[in-house]
Every structure is written in C-alpha cells, then in structure tokens.
Student: 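First the structure, then my questions, so here it is.
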Number of protein chains: 2
Amino acid sequence: MPEAATPRLSAASEAWRLVGELWHEQKQRVTAIASEFELSPPQVWALRSLDPDDPVPMSALAETLRCDASNVTGIVDRLQDRGLVERRPAQHDRRVKHLVLTERGTALRAQLLARLDAPPAPIAALSPEDQRLLRDLLRRALD
Amino acid sequence: MPEAATPRLSAASEAWRLVGELWHEQKQRVTAIASEFELSPPQVWALRSLDPDDPVPMSALAETLRCDASNVTGIVDRLQDRGLVERRPAQHDRRVKHLVLTERGTALRAQLLARLDAPPAPIAALSPEDQRLLRDLLRRALD
DNA sequence: TATTGTTATACTCTATAACTATA
DNA sequence: TATAGTTATAGAGTATAACAATA
C-alpha cells in the first residue's frame with residue numbers, strides 16, 4: 001500500500017486492514033480447495049453452513065450467505081443436482097423449504113471442512129502462544 | 001457451526017476460522033461501501049491497489065487481484081469509462097500498458113480508503129490494548 | 001394482504017482458449 | 001518464438017422486480 005495515501009492508521013484500522021490482507025491472500029487457496037471439490041465459493045459457504053443435524057429454510061441460508069434470496073435458488077439447485085442437498089417442505093408451513101444434507105453431502109462437507117480449517121502459512125508460522133493469543137482476541141472481538 | 005462436525009480445533013485453526021467469520025460478517029459492509037461509489041468489489045480492490053504515484057502494468061494488477069489477466073481488461077475498461085484510470089503504453093515495451101489513476105480516480109480512491117479502513121464493530125469494540133495486540137499479532141503473521 | 005421461494009432480466013466476475021501486436 | 005494484453009465464450013454470482021403458492 002502506498003504510504004502517501006495512508007499517512008497513519010489507528011491500531012484498530014490497521015488490524016482491520018491486516019485481516020483483509022490475510023483473507024485476500026488466502027482467497028486463492030480457498031478457491032483452489034473449492035475447485036478440488038468442483039464447487040464454487042458460494043457453494044462452499046453454503047455447504048459449510050448447513051448443519052447435518054439441523055435443517056434450515058432457504059431464507060436462513062440466504063441470510064448466512066448475505067445475498068438475496070433469489071440467488072439461493074440457483075446455488076441450491078446446483079448442490080441438489082449433485083445429490084448433496086435436498087429440499088424438504090416444512091410441515092408447519094408449506095411455503096417454507098428446509099435444506100437437508102444428504103449422506104453424500106454430509107461426507108463431502110466433512111472433507112471440505114478438514115481442508116478449509118487447516119490454518120494457512122501466516123497463522124501456522126506463529127508461535128503456539130501467539131496462535132492462542134490471536135484466537136482469544138478474535139473470540140473476544142466476535143463475542 | 002455445528003459441534004458434531006467440528007469436534008476440536010487447534011488454536012491456529014480456530015483463529016483462522018474466526019478470521020474467516022470476521023471477514024465474511026463484514027463482506028456486506030464492504031459491498032455496501034462499494035455500491036455507494038457505484039463500484040463492484042473487484043473494482044474496489046483494483047482502485048485500492050493502484051498507487052497514484054506508481055503506475056503498474058495490467059499484469060501486476062491481475063496478480064494483486066489474484067485473477068486471470070483477461071478479467072483485468074474488463075475491470076479496467078469500466079474504471080476507464082468512468083474516467084478514474086488511464087492506460088498509458090510503457091515506453092520500454094509498447095506491449096505493456098501502465099495503469100495511471102486520474103485526478104478524479106485519486107480523489108475517489110482517498111474517499112474510498114477512508115471508508116474501508118474504518119474498523120468494523122467487532123474490532124472497534126475491543127479495548128485499545130487488545131486492538132494494539134491484535135495489530136501486532138497480525139503484523140507478525142503477515143511479515 | 002403478507003410471506004416464501006421461484007422466475008426473468010441484466011450486469012459483472014471468472015477461467016480457458018484463441019487472437020493481436022509487439023518483442 | 002515468446003510475451004502483454006485483448007477478445008470470444010461459457011458458466012456462475014449478484015440485485016431488482018414480478019410472480020406463484022401458501023398463509
């Protein structure tokens with residue numbers, strides 16, 4: 001980043017900017033993992049957020065993905081075409097459709113999470129103490 | 001995240017996951033800032049990475065954006081149409097085109113950075129000491 | 001009437017491959 | 001021949017608006 005345009009940042013701003021850099025640096029890795037499983041990034045987030053033991057309505061997924069509900073239709077369509085997810089009409093309100101991971105979807109999700117959760121180089125290289133410190137700070141922030 | 005599928009994470013993995021959550025939580029905010037300026041997210045990253053005082057070739061931008069060079073053509077086209085960026089053939093090699101921020105582009109970029117760098121709620125709510133700690137840890141990680 | 005999810009539309013991003021103009 | 005950037009193409013994500021079925 002050019003120094004001229006970024007004279008002096010507060011600790012909070014710099015921390016935030018560094019979070020962005022870290023994430024952006026790793027975007028490629030996440031995309032690469034996604035294509036290993038022949039998934040797009042939004043499909044990865046969807047699969048990740050679905051709980052094998054707790055079906056949720058489409059609308060809940062839209063909220064998690066932070067996108068319009070109309071997009072979820074297509075994203076779920078493609079997951080469903082691959083037999084990873086099923087739509088199940090809710091009993092109390094037949095407008096609502098619950099998303100259920102299939103057996104295949106559950107298995108794939110587990111593999112996916114194992115790959116995604118592996119810490120990237122910048123974090124892995126920190127000392128164990130720093131890793132714990134970072135975790136605790138982020139826990140506190142997101143609490 | 002469901003507990004069943006995520007039995008126990010190392011500190012590094014959990015820290016990494018929390019970084020992802022923090023970033024994802026804020027994606028909406030970044031998108032909202034982008035549309036305030038009528039920019040798409042990749043356009044924001046492009047504008048952010050361009051240095052008013054240091055023109056770079058298209059290929060360098062592609063590398064920064066972590067996308068194929070062919071995408072940069074369109075992204076830059078749209079920025080150029082709005083008079084924010086100019087292509088300038090390099091002197092030493094006329095195949096190369098340097099990207100130069102216009103006066104308007106430079107001004108808009110400054111406004112944009114001011115908005116983007118404002119720390120989001122989770123970080124802003126940390127104590128000043130925690131903010132510095134977080135910054136220092138991330139600096140160390142990304143070093 | 002209001003709400004859930006779908007469809008239609010238009011635009012952008014994305015990678016791959018073929019092309020051009022320079023080198 | 002090799003390289004920088006463009007164009008062509010196909011697929012996916014994105015928001016908006018209009019719609020169907022249900023409440």
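Naming convention: chains lettered A, B, ... in sequence-line order (proteins, then strands); numbering from 1 in each chain.
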Student: Quickly work out the B:Leu39 CG to C:dC11 C1' distance and round it to whole Å.
Tutor: 15 Å
Student: Please pick, from C:dT22, D:dT6, D:dT22, the nucleotide with the shortest atom-to-atom distance to any side-chain atom of B:Lys97.
Tutor: D:dT6
Student: Starting at the 5' end of DNA chain C and moving along, which residue's nearest nucleotide shows up first, A:Val72 or B:Ser70?
Tutor: A:Val72
Student: Test for a donor-acceptor pair under 3.5 Å between the base of C:dT3 and the side chain of A:Arg95, counting only N and O atoms.
Tutor: yes
Student: In terms of side-chain heavy atoms of A:Asp68, which of D:dT16, C:dT22, C:dA17 is nearest?
Tutor: D:dT16
Student: Using only atom types and a distance under 3.5 Å, with no angle test, would you say the side chain of B:Glu86 pairs donor to acceptor with the backbone of B:Leu99?
Tutor: no
Student: What about B:Ser59: does its side chain form a donor-acceptor pair under 3.5 Å with the base of D:dT3?
Tutor: no
Student: I'd like to know if B:Asp51 and B:Arg109 make a salt bridge, using a cut-off of under 4.0 Å between side-chain N and carboxylate O.
Tutor: no
Student: Looking at D:dG11, I'd like to know if its phosphate oxygens (OP1 or OP2) sit under 4.0 Å from a side-chain N or O belonging to A:Arg78.
Tutor: no
Student: Using heavy atoms to find the nearest nucleotide of DNA chain C for B:Arg94 and B:Pro41 separately, return the residue whose nucleotide is more 5′.
Tutor: B:Pro41
Student: Can you find a side chain N or O atom of B:Ser40 that sits less than 4.0 Å from OP1 or OP2 on C:dC13?
Tutor: yes
Student: Can you tell me if B:Thr31 touches the phosphate of D:dT14, counting only side-chain N or O atoms and a distance under 4.0 Å to OP1 or OP2?
Tutor: no
Student: Please pick, from C:dT14, D:dT6, D:dA15, the nucleotide with the shortest atom-to-atom distance to any side-chain atom of B:Ile75.
Tutor: C:dT14
Student: Closer than 4.0 angstrom, basic N to acidic O: yes or no for B:Asp77 and B:Arg87?
Tutor: yes
Student: Ignoring the backbone of A:Cys67, work out which of D:dG5, D:dT14, C:dT6 is nearest its side chain.
Tutor: D:dT14
Student: With respect to the side chain of B:Pro42, which nucleotide from C:dT7, D:dG13, C:dT14 is positioned closest?
Tutor: C:dT14
Student: Could you state the atom-to-atom distance from CG of A:Asp93 to P of C:dT4 in whole Å?
Tutor: 8 Å
